[in-house]
Trainee: 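Here it is, the structure in full.
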Amino acid sequence: MTTRVIIVDDQAMVRAGFAALLAAQSDIDVVGEAPDGAQGVELSRRTRPDIVLMDVRMPEMDGLEAARRILAPADAKEHRPRVLMLTTFDVDDYVYEALRAGASGFLLKDAPPADLIAAVRVVASGDALLAPSVTRRLIADFARQRPAARGKPALRLKALTERETEVLTLVARGRSNAEIAETLVLAEQTVKTHVSRVLTKLDLRDRAQAVVIAYESGLVAPGE
């Protein structure tokens, strides 16, 4: 199955370079490009891609607002692709907010070409957290600056079993399924089942959102 991708970035050379790289892959089809967030939202609605590569900082409408509109459309029946944020900086408040809005992860623009291709494939498969240690550090940096959001996020975690809470804690610390399985002495398939149940119970799209809620609820504290 081919993964349909659109690229939203205000730099024409970046769009062209990414498009050429991805289009050369037999399992990826670049179906459109846009120079700003507003046009990116419209392009997404028109082409219904699987993945949106979204630059963070753009004129007219930035990537954060565009991601919000794509991931939380006014019409609940509207197509919702997965959004992969592109950034020049490895710590960017916009990226943090985009993860909270439902983006599936982020990638540095200066990452090796192979990382971009792998990122698109990973996000398309639904395994959202691209670089656990980097994403965890980014969220921890901002969680350190903001008090844990007690209340609703913490109450939501009460729906989890003790084992599911343990699994969520390890996900938030950047552990892979294999590492979680080793730590908890479980089969890796069992860990996948627990992760799936956590996402379902907390109404989360993917692991990236799970990491965010773990920090915001105070389940995991920065620096642990």
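Model, not experiment: these values are computed from the prediction. Just so you know, residue 1 is the first one in the sequence shown, and it goes up from there. Worth knowing before you read on, the calculation uses all heavy atoms, side chains too, and leaves out hydrogens, waters and symmetry mates.
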Trainee: Can you find a heavy atom in the side chain of R156 that is under 4.5 Å from one in the side chain of I213?
Mentor: yes
Trainee: Side chain of Q25, backbone of L21: donor and acceptor closer than 3.5 Å?
Mentor: yes
Trainee: Closest approach of F18 and L86, non-hydrogen atoms and distance?
Mentor: CE1-CD1, 3.6 Å
Trainee: As an exercise, state the distance from CZ of R80 to OG of S44, rounded to the nearest 0.5 Å.
Mentor: 11.5 Å
Trainee: Check step by step if side chain to side chain contact (heavy atoms under 4.5 Å, CB included) holds for H79 and R45.
Mentor: CA-CA 7 Å; H79 174 67; R45 289 172 178 165; over 6 Å; no
Trainee: Taking the basic N atoms (NZ, or NE/NH1/NH2) and the acidic carboxylate oxygens, is any pair closer than 4.0 Å for K109 and D9?
Mentor: yes
Trainee: I need the L71 CG to Q209 CD distance, nearest 0.5 Å.
Mentor: 8.0 Å
Trainee: CD of E182: more than 12 outside heavy atoms within 6.0 angstrom?
Mentor: no
Trainee: Report the C-alpha distance between I180 and V171 in whole Å, list the side-chain angles of each, state the deciding distance to 0.1 Å, and finish with yes or no for side chain to side chain contact (heavy atoms under 4.5 Å, CB included).
Mentor: CA-CA 8 Å; I180 294 173; V171 167; 3.7 Å; yes
Trainee: Any side-chain heavy atom of M61 sitting closer than 4.5 Å to one from V41?
Mentor: yes
Trainee: Is the shortest heavy-atom distance from the side chain of T3 to the side chain of R121 under 4.5 Å?
Mentor: no
Trainee: Side-chain contact, heavy-atom cut-off 4.5 Å: V191 with L184?
Mentor: no
Trainee: Closest heavy-atom contact between S217 and A214?
Mentor: OG-O, 3.2 Å
Trainee: Would you mind reporting whether D27 and T2 have side-chain heavy atoms less than 4.5 Å apart?
Mentor: no
Trainee: Is any side-chain N of the basic residue among R82 and D50 closer than 4.0 Å to the acidic one's carboxylate O?
Mentor: no
Trainee: Roughly how far, to the nearest 0.5 Å, is the CG atom of L168 from the CZ atom of R173?
Mentor: 10.5 Å
Trainee: Output yes when a side-chain donor or acceptor of D62 lies under 3.5 Å from a complementary backbone atom of L64, and no otherwise.
Mentor: yes
Trainee: Indicate the atoms forming the closest heavy-atom contact of D36 with P59, along with that distance.
Mentor: CB-O, 3.4 Å
Trainee: Can you see which heavy atom on A103 is nearest to which on M85, and at what distance?
Mentor: CB-CG, 3.9 Å
Trainee: Between the side chain of T190 and the main-chain N/O of L186, is any donor-acceptor distance below 3.5 Å?
Mentor: no
Trainee: Are the side chains of T165 and E162 in touch, meaning some heavy atoms are under 4.5 Å apart?
Mentor: no
Trainee: Could you please spell out the steps behind the side chain to side chain contact (heavy atoms under 4.5 Å, CB included) verdict for L84 and V52?
Mentor: CA-CA 6 Å; L84 173 58; V52 177; over 6 Å; no
Trainee: A quick test of your reading: do over 12 heavy atoms of other residues, nucleotides or ligands sit less than 6.0 Å from CG of D110?
Mentor: yes
Trainee: Test your reading of the model: is there a side-chain donor-acceptor pair from R4 to the backbone of T47, 3.5 Å cut-off?
Mentor: yes
Trainee: What is the distance from atom OG1 of T193 to atom CZ of R163, rounded to the nearest 0.5 Å?
Mentor: 13.0 Å
Trainee: Measure across L43 and G32 and return the closest heavy-atom pair with its distance rounded to 0.1 Å.
Mentor: CD2-C, 3.6 Å
Trainee: Is a side-chain N or O of S196 found less than 3.5 angstrom from the main chain of K192, in a donor-acceptor match?
Mentor: no
Trainee: Can you measure from CD1 (I7) to CD1 (I51) and round to the nearest 0.5 angstrom?
Mentor: 12.0 Å
Trainee: With side chains defined as the heavy atoms from C-beta onward, is the minimum distance between L202 and L157 less than 4.5 Å?
Mentor: yes
Trainee: Determine whether V195 and V167 satisfy the following criterion, side chain to side chain contact (heavy atoms under 4.5 Å, CB included), listing intermediate values before the conclusion.
Mentor: CA-CA 7 Å; V195 171; V167 169; 3.7 Å; yes
Trainee: Looking at Q39, is its backbone amide N or carbonyl O close enough to the side chain of E42 to form a donor-acceptor pair, meaning the two atoms are under 3.5 Å apart?
Mentor: no
Trainee: Any side-chain heavy-atom pair from S104 and R207 closer than 4.5 angstrom?
Mentor: no
Trainee: Taking L53 as the fixed residue, which of I6, L22, V8, L107 is the one that meets the side chain to side chain contact (heavy atoms under 4.5 Å, CB included) rule?
Mentor: L22
Trainee: Closest heavy-atom contact between A23 and V30?
Mentor: N-CG2, 4.0 Å
Trainee: How long is the gap from CG on L116 to CD1 on I28, to the nearest 0.5 Å?
Mentor: 7.5 Å
